[in-house]
Structures are given as structure tokens and as C-alpha cells.
*Asks:* 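This structure is in C-alpha cells; I'll ask about it shortly.
Just follow the structure's listing: the first ligand is 1, and inside any ligand the first atom is 1. Owing to the predicted nature of the structure, the values given are computational and were not obtained by experimental measurement. One is the number of the first residue; the rest follow in order along the sequence.
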Amino acid sequence: MIQLPLQATGIAVLLLILSTSDHIDGFKFILLHTNDMQARYDQVSAKGGKCKLIDEKLGQCYGGFGRLATALDKYRKEESDPVLYLNGGDTFHGTPWYAVYQGKMVARMLNMLAPDAMTLGVHEFDDGTDVLAEFISLINFPMVSCNLKLIDEPKLEASENLRNFTIIKKGGRSIGIVGYIHAETKQRTQPNHIEFVNEIPEINKYAMKLRELGVNIIIALGHAGYKKDIEIAKMCPEVDVVVGGQSHTLLYTGRAPGKDIPEGPYPTIVVKPDGRKVPVVQAYAYTKYLGRMSLEFDRAGNLLNFKGQPILLDNSFEPKSDIEAFLDSYRQVIDDMERHVVGTTSVFLNGDRKSCGFGECNFGNMIADSFVYAGVQETLQDRGSWTDAPIGIINAGAIRASIDPGVITEGDVITVMPFSNGIFHTRISGLQLMNALEHSAYLRTKNQNNGFLQVSGLRIKFNYSRPMGQRITEFKALCSDCQIPHYERVKTDEYYGVVIPSFLLNGGEGYNFVDKHNPEVRNMSLLDRMAFIRYLQEHKIVYPERQERMAEQERYLRSNGSTTSIPLLYPVAFLLLFHCFSFVK
Ligand SMILES: *[C@@H]1O[C@H](CO)[C@@H](O)[C@H](O)[C@H]1NC(C)=O
Ligand SMILES: *[C@@H]1O[C@H](CO)[C@@H](O)[C@H](O)[C@H]1NC(C)=O
Ligand SMILES: *[C@@H]1O[C@H](CO)[C@@H](O)[C@H](O)[C@H]1NC(C)=O
Ligand SMILES: *[C@@H]1O[C@H](CO)[C@@H](O)[C@H](O)[C@H]1NC(C)=O
């Protein structure tokens, strides 16, 4: 046996005591999290779309609330440490399920998953604050969001279940959860009387309050995108962990299963100015993954350890039977919609935001055409002119998906246009119309590319190298009071009839489509998707093209909010070089 000097033995004993007491103090728990589930109650394809039979057979469908519930049960049962499950918002909207059963069903489905807390996403505001208040009254867990001013929204203000923060007890310790939402939420959703204020000062305010209440483990749970999450981790001294949403960011260390390309490691480690590390997590979207991280804190609330990886919810998780049975009892209406063929497309209907948010896209053209068509039908009896609204407009953010060539079902249309937007006829001056399109050219270069407009009945040339407000270099509109429609230069002081969705009429994305002095607005009493379905049904087979409705005189690639020009000369130079070389040969 080795004889240790007395002093050394003393130190060893002391170390042993220290490490054991550390062990006793170290509080461990498992954090599970999801975000942006967007009403994916049923399993989804690899990209979050409808799970097709062929993909299901190949084992290439994922997630769904049934699998998620099974995974939650598994970890809640198997883990020796307490389990905390948080939801980062945007559970509303995105499937026929939502369109039919709306917020009430979201509440029932979420209650079955039983998160410890949730934060508000942007889509939770999409059907107005009355619907939201009802939803919040139906959920059995707290909703947290700290950067909303609710003075002018009495129903929300009075809601006991909507709080700035909540305190959750697990294993004898208190965990504080502070909620936040993107400060620019207002113009991206239905009109309301909420003031959305900057996230960081409010988080700091309520985190301090939590500290005063003796809570020293603080999680910021929010819906503002990965970039903002990182900023919060850095700038909020009391925040120990950030659980995010909105940007559909998959974080994964190493190669992710399920063919997704991670945008960063899981967790993303942010170092605060004082050197402390803060893990930032998010788990893609559409229930495909469940985020899972184990955390250990000491008694003073210092984060000692953290480790995890999102779990791919694949076939190894059997969907939970009570969830499936519940869905099956409501499935008939959904199945009918998914079987109800409303038309056929011979071409790909491109609704991708990377296309529709930056320039003309064929799907945008077609939807805008369907608005004009609805107007033409309305005025069929009036032989005075072919229409009083030759122009149709829709914003890119209203188009939520693409459709592959083949038959189109009502379910497909609802997935593309899930918002219950009515369409309206509005009469505005040429100047106001031009200002709207200038605003569109401006929004195109902003990070959120939902605001760009798709048009029918207009021919516009944009030069994006010109300063803001002066980018339109040519602007023509289809005449309405003419025997044969043709394009004429837009006159600033003349009036034009335009068909737009209620979202734009109500000032969504900062647009103004109502004449200030002499407003003339007519409710067409038709949902945007019904106008589109009618167009499909009556045209039977469609093959919309990309035309030159919106021409770009200077081509631009968007990278990071700034714009970069692709010199048009490059291809020419390349060709010249190529010719030189072939000549030399
Ligand atoms: C947050 O707290 C403030 C008072 O500090 C209160 O006016 C507000 O309604 C609270 N917000 C929520 C969502 O409960
Ligand atoms: C676009 O605008 C830029 C800046 O004003 C100008 O230099 C350029 O010639 C314009 N391009 C065209 C095709 O008009
Ligand atoms: C427009 O008409 C529809 C259907 O008639 C109705 O439900 C809706 O409330 C109306 N909207 C407005 C703003 O009047
Ligand atoms: C955008 O990216 C370019 C090139 O990658 C870079 O030079 C520029 O600084 C970036 N701009 C912003 C606003 O981040």
C-alpha cells in the first residue's frame, strides 16, 4: 500500500468531500423542445409536406404528433432526471387540419403533448386576437411572451394563462422561463392593437424579476429566429439557455440524420462578455425532430454541463395510439378535401419564397390572375366594361407551398393558402399603386422576403440599382374601360381597380391600398383560396408561365440583406475566353 504523507491525505479527503458535495448540489434535468410544428398532426415527408404512400413504404416519413407523443413519453419515463418540455411557437397553420379545425384543435393536440410552457409564434396571431385569446384559455399550460404591450387588447391582457414568464418546479428546483417574440411581428400578421417591443430589454427586465424571486436557472424561450437567439444569449446576462424558433433552424453536431443540412452545431455555444457559455438550441420544424439536451446546474445557478442532439422522429417511434385514434375521429373531412380534385397543372407551380419573394413567379402570376378572374365574373352582367378591376395583387408570404405537376386537390390549395383571407376590390390612384410597387421593391431587399408583390394586369420594369422609391422605370397597366384589353402607361392621377387579399388591405407588410380622400373598397365575399379554386375548376388544366410582368433591368443576387450585383459581362467574357482557347487548339 502506498503511504501518503498526512497532508496529502487530508487534501485528498477534502477533494473527495468537495466533489461529493458538488455531486449533491449539481441539479440535472433534460430539456426537450420543439418549434414551428405548424399543425403537422400527421406524419410528414422529409421536407415537411404531405407524407405520400410511396414515401411511407420506404420509411421516409417522419414526425407527426403521434410519434412526438411517443418520444415524449419515452423520455419522461426513462430518464432518471426530471424532464422539461418547451414549445417555441408557430403551432397554428400549415395543413388542412388547421384550416378546418383551427385553434381549438391545436389546443387539444398540445394538451395531449403537455408541454411545461410555450411561447407565442407569429402564426398564432394570424386569425386575430379573439381567436388567440380563446386558444390561450383552452391550453393547460402557461403561454409566455414578455415583449408585448397589451393595454389595448383587453382579452389578452386579462388572460391569466398568458404571462411574461413562468416558474416551473422540477426536482425541488425552480426554473424560470421568459418568453419573447420577434419585435417586427406586427406587420407580418393580422392587424391587432398589440405593441411589439424590443426583445432584449424586456427579457432582461423579467429575468431580473425572476432573480429577485430567488430563481437562478433562467431559460429564454422565444420565437425570433436563430440570429436573434444568439444575440439574446450574449446580451442577456441572466439568461442561461436559449430555446428558439421561427427560422426553422436545424442545429446538429456532425452529420444530421434525415438528410437535412444543419445550420450550426447543437447546441450553438455563445460566450457572454464575462466568459460564461450559453447553449442556444432550435429543432428545425414540422415535428420532424425533437430537441433534447441534458443540463446540469450548481446550487448558485451556474451551468456546469450541457450535452445533446436533436432526435429524428423516424419509424423507430411508433405513433401513440390515443393521438392517432383522436385524429381518426376527425379525419373524414380532411380526407375528403385531400381527395377532392379541383384541377390539374401541367407544370410546376413554384411558390418557393426564394423565387416569389424576389421576382415574378408562375404561381404568384396565377393566383393574381385568379383574383382578376373573380372580379370579371362579378361584373359579368355589367356590359359597360370587361371589368372594373383589371389588376390583381398578392404578397409572396401568402403563398406557403409549391405544387408538383398533376392533379390539384382542395387539400393542396389549403396548404398553399392556409390563411382565411377574404379578397377585396379597392380603387386607388396610379400614384398610390406605384408607391405600393416601390414598397415591394424595397421589401425585396429586406431579410424577411414575405412582402414582395406578385401581380396580374401590370407590366413593370425595376432597376434595383436605383435609390429606394425610384426603382420603377416603366409602369403599365391593363386598361379596363376598353373593348380589347391592352397595356397602357399608368397615369399617376387616374384611378385603378385592384383586387387584393384582406391582409394587404389592412396594411400588412406596411402597404397602403386605401385611398385617403375618397376610399372605395368593396368586400367580394370570397376567400382568396376559393377564388383560386374557382379559377382552377373553370380552367381545368393550367400551365402558368413566367412572363415579363416584372422585368429586372439590373440583375441582383440577394445574400444577406444587402444586394450584390452579378455583372452581366461575366458570361460574355467567359464566352470570349472560351473562344480564344478553342482557337488556340
Ligand atoms: C407583463 O408584465 C406587465 C407589467 O410589468 C404587464 O402589464 C403585462 O400585461 C405582462 N404581460 C403579459 C403577457 O402578461
Ligand atoms: C440602372 O440604374 C443605374 C443607377 O442609376 C444606372 O447606372 C443604370 O444605367 C440603370 N440601368 C438601366 C438598364 O437602365
Ligand atoms: C366580407 O365578407 C365576408 C363574407 O360575406 C364576411 O364574412 C366578412 O366579415 C366581410 N369582411 C368585412 C371586413 O366586412
Ligand atoms: C453581406 O455579405 C457580403 C459578402 O459576403 C459582405 O461583404 C457584407 O459585409 C455583408 N453585409 C452585411 C450587411 O452583413
*Asks:* May I ask you to decide if the ring planes of H439 and Y442 are parallel, tilted or perpendicular, using 30° and 60° as cut-offs?
*Replies:*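 Tilted.
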*Asks:* Does the pair K104/E134 count as a salt bridge with the N-to-O cut at 4.0 Å?
*Replies:* yes
*Asks:* Of all the atoms in ligand 2, which lie at a distance below 4.0 Å from a heavy atom belonging to N463?
*Replies:* 1 (C), 2 (O), 3 (C), 8 (C), 10 (C), 11 (N), 12 (C), 14 (O)
*Asks:* Compile the protein residues with any heavy atom at a distance under 4.0 Å from an atom of ligand 1; present them by chain, then by number.
*Replies:* S145, L150, E157, L162, R163, N164, Y206
*Asks:* Show me, pair by pair, the donor-acceptor contacts under 3.5 angstrom made by side chains of residues 206-216, not counting sequence neighbours?
*Replies:*
{"residue": "R211", "atom": "NH1", "partner": "E238", "partner atom": "OE1", "Å": "3.3"}
{"residue": "N216", "atom": "OD1", "partner": "R173", "partner atom": "NH2", "Å": "3.3"}
{"residue": "N216", "atom": "ND2", "partner": "R299", "partner atom": "O", "Å": "3.0"}
{"residue": "N216", "atom": "ND2", "partner": "A300", "partner atom": "O", "Å": "3.4"}

*Asks:* Report yes or no: does E360 contribute a side-chain atom to a donor-acceptor pair with the main-chain N or O of R549 at less than 3.5 Å?
*Replies:* yes
*Asks:* Run the side chain to side chain contact (heavy atoms under 4.5 Å, CB included) check on H517 and D515 step by step: do they pass?
*Replies:* CA-CA 6 Å; H517 305 294; D515 188 75; 4.1 Å; yes
*Asks:* Report yes if the distance between the aromatic ring centroids of H123 and F419 is under 6.0 Å, otherwise no.
*Replies:* yes
